Protein chains: 2
Amino acid sequence: MTTRTEAGFTAVVTTRVDGPETQRTVADLFLKGAEGWVRHRTGFISATVHLSTDGTRVVLTADWKDEASYDEFFETDTDRAALGREMQALPGLVSGPELTRCTPYRTIVAATGE
Amino acid sequence: MTTRTEAGFTAVVTTRVDGPETQRTVADLFLKGAEGWVRHRTGFISATVHLSTDGTRVVLTADWKDEASYDEFFETDTDRAALGREMQALPGLVSGPELTRCTPYRTIVAATGE
């Protein structure tokens, strides 16, 4: 089965860090934002925070209704800006957060259960 | 609401290309594999192919039950290897596919409907 996802826009945000400790700190900062206020924003659908198994990256994937909703959030959310500064100040931050703006193309689900 | 995702492993695969035409070709190759045989593999849950809005990247996120299922697929699937070679032969391929092995940490969903 192939389906189009309901999301019209996905923000893929990659942050490189010096190791597992900073990785967890960065992940928790993303969670703090997502749980605290981002999930209340118009157009937000869901987000998953991923930890790379080698301890050097955090990959956030966030689905939004459309890119305009994301831009509205990104440009107007002062809490987000503060959280971004907090992240930038971490000594263990190597690079990022780097945003890749994406459009979901197709989602494929397991054949199990068909 | 915060939930743990059912996936125990997520493969984030980034491919850089020279523009929208190659981007679509790469996306369709990933889809061919996912629809054709990957979705039948034990442990596969779902995958989404994303196109970056600037036309230069394809980002595949694939959820698996666990890393062992993914490794078993990756190491034993001859169709996958053939598709990989087809992708590498594309003149418009810039770099990749680059795999980032991830563990989902948390998923946050919209507050709407609570």
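Order of the sequence lines sets the chain letters (A, B, ...), proteins ahead of strands, with each chain counted from 1. For clarity, every value in this text was computed on a predicted model and none was experimentally measured.
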Which value, rounded to the nearest 0.5 Å, describes the distance between B:Asp63 atom CG and A:Thr107 atom OG1? 10.0 Å
Atom CZ of A:Phe30 and atom CD1 of B:Ile108: how far apart are they, to the nearest 0.5 Å? 10.5 Å
Does [X] belong to the same Ile/Leu/Val/Met/Phe/Trp/Tyr cluster as [Y], with side-chain heavy atoms less than 4.5 Å apart forming each link?
X: A:Met87; Y: A:Val94; value: no
X: A:Val12; Y: B:Leu60; value: no
X: A:Leu90; Y: A:Leu99; value: yes

Contact summary for [X] and [Y], nearest pair of heavy atoms:
X: A:Tyr105; Y: B:Asp28; result: OH-OD1, 2.6 Å
X: B:His50; Y: A:Cys102; result: CB-CB, 3.7 Å
X: A:Thr48; Y: B:Pro104; result: CG2-CB, 4.3 Å
X: A:Arg39; Y: B:Val109; result: CB-O, 3.5 Å

The interface call for A:Val59 against chain B, heavy-atom contacts under 4.5 Å, is side chain
Side chain / backbone / both / neither for A:Ser52 at chain B, heavy atoms under 4.5 Å: both
Side chain, backbone, both or neither: which part of [X] has a heavy atom under 4.5 Å from chain A?
X: B:Leu51; value: both
X: B:Thr61; value: side chain
X: B:Arg101; value: both

Greatest number of non-hydrogen atom pairs under 4.5 angstrom with chain B, of A:Ile45, A:Thr100, A:Thr42, A:Thr56, falls to A:Ile45
